[in-house]
A.B. asks: 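Dropping the structure in here first, questions after.
All values derive from a computational prediction rather than experimental measurement. Whatever order the structure lists ligands and atoms in, that order sets their numbers, starting from 1.
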Amino acid sequence: MILIKNAKVSWAGSWRRVNILINDEGKIVKLFRSSKANRYLISKVDKIYNAEENLALPGIVDMHVHFREPGYEYKEDFTSGSKAALAGGVTVVADMPNNKPRINSLDAFINKLNAIKNKSYVDFMLYVEISKDVTKLSEFLKHKDFLPAGVKVYMYEREEEQAFLNDVLPKEFVYVIHAEDSELISEDFDCNSYSSFESSRPRTAELRAIKKALEVARKGIRVHITHVSTLEGLLEIDKAKREGLKVTSDVTLHHLFFTKKHGEVLKSILKCFPPLREELDRRALISALKKDLIDCIITDHAPHAPFEKDKDLCRAPAGIASIEYFYPLLFKLFKIANFDDFNILVKAVTEKPARILSIPDRGKIRTGFYADIVIFDKKIRWRALREDAFSKAKLMPWENMRFRGKVVSVFLRGKLVYENESFIERNGMFWNRYL
Ligand code: DOR
Ligand code: ZN
């Protein structure tokens, strides 16, 4: 057994100093205030970790990452991506299927799993992508050891949109929707203007795609709208929730920190789909988090090689890599956007995504849950430097940003796997969804 002592944990609305006892299966068996009262238990402990009154946060469940394996290992691979994840306080990722080959069948899924299974420092789930043959999704239901985290639908791909809107879909999965309507997107824009790029993928494209996806939700399909970027999109989802639809949504870190004005300065480094919008949208996304109208925060960690991002807005690929700064960015957001309690943001990256991904025993520091625990020191001041990055995507908008608060240690299922920028053990495993 391991004991983490002197940790501050959010408990019933306040941050309390507790000791966390973890068994050999990596689960939390007891949380207790005074160590004296539990001499008997402490006598059974093999190892004590002193958290020195730092925060103990649940490991982040990032439900939207692109670790690029197989096919684009030069941009990122499961080892580099998962190292960056640990540094940011992430213990579980759900990885997207836009690989080479695309992961849109059980065979492709199993091949991907075989390729990456010994390479990850964090636990991982994998998405499958919808294709024009939706019967391929039913194959997964016959092999329940290989369940996808969910089904990804790129609405801007015509065939995917058609299959999603018109075919009979298995109801067992959550459908994660990239909501941009292909008919409203154009490839024609000024390669040096972020505003022009943003207009080529207009806010109306998001709204129309969300409306279509909500129609599918009305048929009883579980829909999750990922990376909402506009106020109208938010309102549409909120309306559907009030109607009683079981729809959920998330927002990226970059849409919470940046707008198209920043895009005019950083250009391709901030090129992403959907694009960055107006300050009004950014504020609406933040206040939606405060009011619990958005369920989760994701990175959409989408790394590209520096030589690719070092091009103009027409030629550079879309995508922003953020995972290694996840908890520090969240803590910064808590301070600059005046949230009442850091735990509102913590829940949006832990217990809420765990619920959407059907992982009942992760995402909280509570008895019976896996001990995915991040020790976070609020006092450390540091700066994000390119040469320190574990991700292969070196050109990131967070470069040179100053932070207060850093991930010191990470426990994955009760094992210390990361401490002071060193990786101690690589034992990330495939995590099956519960059906
Ligand atoms: O910006 C993006 N990058 N949006 C996407 O939908 C895909 C992603 C990627 O894979 O690079
Ligand atoms: Zn993505």
A.B. asks: Quick test of your reading of the model: are D281 and R203 salt-bridged, counting only N-O distances below 4.0 Å?
C.D. replies: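 Yes, D281 and R203 are salt-bridged.
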A.B. asks: For E308, is there an ion pair with K75 - N to carboxylate O distance below 4.0 angstrom?
C.D. replies: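 Yes, charged N to carboxylate O under 4.0 Å.
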A.B. asks: Given the side-chain rings of H301 and H66, with only the six-membered ring counted for Trp, is the space between their centroids under 6.0 Å?
C.D. replies: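 They do not qualify: ring centres at least 6.0 Å apart.
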A.B. asks: I need the single residue from F124, Y121, F78 that forms a ring-ring contact (aromatic ring centres under 6.0 Å, His included) with F67. Which is it?
C.D. replies: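 Exactly one option meets the ring-ring contact (aromatic ring centres under 6.0 Å, His included) with F67, and it is F78.
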A.B. asks: Which of the numbered atoms in ligand 1 are under 4.0 angstrom from any heavy atom belonging to H304?
C.D. replies: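 In order of numbering, the contacting atoms are 11 (O).
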A.B. asks: Tell me the contacting part of K271 for ligand 1: side chain, backbone, both, or neither, using a 4.0 Å heavy-atom threshold, strictly below.
C.D. replies: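 Neither; no heavy atom under 4.0 Å.
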A.B. asks: Should the pair E198-R277 be classified as a salt bridge under the 4.0 Å nitrogen-to-oxygen rule?
C.D. replies: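 The answer is yes: the pair qualifies as a salt bridge.
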A.B. asks: Any idea which atoms of ligand 1 are less than 4.0 Å away from a heavy-atom of C272?
C.D. replies: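 Atoms satisfying the 4.0 Å criterion: 1 (O).
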A.B. asks: Provide, to 0.1 Å, the distance between atom 1 (O) of ligand 1 and the closest protein heavy atom, together with that atom's residue and name.
C.D. replies: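 Heavy-atom neighbour on the protein nearest atom 1 (O) of ligand 1: F273 N, 2.9 Å.
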A.B. asks: Give a yes/no on ligand 1: does M96 have at least one heavy atom closer than 4.0 angstrom to it?
C.D. replies: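 Contact check M96 vs ligand 1: negative.
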A.B. asks: Relative to the heavy atoms of A302, which atoms of ligand 1 are at a distance of less than 4.0 Å?
C.D. replies: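 Listed by number with element, the hits are 3 (N), 8 (C), 9 (C), 11 (O).
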A.B. asks: Tell me whether H178 has at least one N, O or S atom under 2.8 Å from the Zn ion (ligand 2).
C.D. replies: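 No - counting backbone and side chain alike, H178 has no N, O or S atom under 2.8 Å.
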A.B. asks: Hey, is I320 touching ligand 1 through its side chain, its backbone, both or neither, going by heavy atoms under 4.0 Å?
C.D. replies: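 Neither part.
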A.B. asks: So that I can tick it off, tell me whether E161 and K212 are bridged by a salt bridge, with the cut-off set at under 4.0 angstrom between side-chain N and carboxylate O.
C.D. replies: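 Salt bridge present between K212 and E161.
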A.B. asks: Are any of the side-chain heavy atoms of E180 and P275 separated by less than 4.5 Å?
C.D. replies: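 SC-SC contact between E180 and P275 confirmed.
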A.B. asks: Just wondering, is there an N, O or S atom on H66 that's nearer than 2.8 Å to the Zn ion (ligand 2)?
C.D. replies: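 A backbone or side-chain N, O or S atom of H66 is under 2.8 Å from the Zn ion (ligand 2).
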A.B. asks: Is a salt bridge present between E215 and K219, judged by a nitrogen-to-oxygen distance below 4.0 Å?
C.D. replies: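 Looking at K219 together with E215, the answer is no, because their closest N to O distance does not fall below 4.0 Å.
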A.B. asks: Check this for me: does any side-chain nitrogen of one of D310 and K394 sit under 4.0 Å from a carboxylate oxygen of the other?
C.D. replies: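 Looking at D310 and K394, the cut-off is not met.
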A.B. asks: Could you grab the angle centred on the Zn ion (ligand 2), going from OD1 in D300 to NE2 in H64, to 10°?
C.D. replies: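 The two atoms subtend 90° at the Zn ion (ligand 2).
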A.B. asks: Write out the residue and atom name of the closest protein heavy atom to atom 3 (N) of ligand 1, then the distance separating them to 0.1 Å.
C.D. replies: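 Residue, atom and distance for the closest contact: A318 O, 3.0 Å.
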A.B. asks: Does any N or O of ligand 1 fall below 3.5 Å from an N or O anywhere on N98, backbone included?
C.D. replies: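 N98 vs ligand 1: N/O contact under 3.5 Å present.
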A.B. asks: To check your reading of the model: name the closest protein heavy atom to atom 9 (C) of ligand 1, its residue, and the distance in Å.
C.D. replies: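 The answer is R68 NH2, 3.4 Å.
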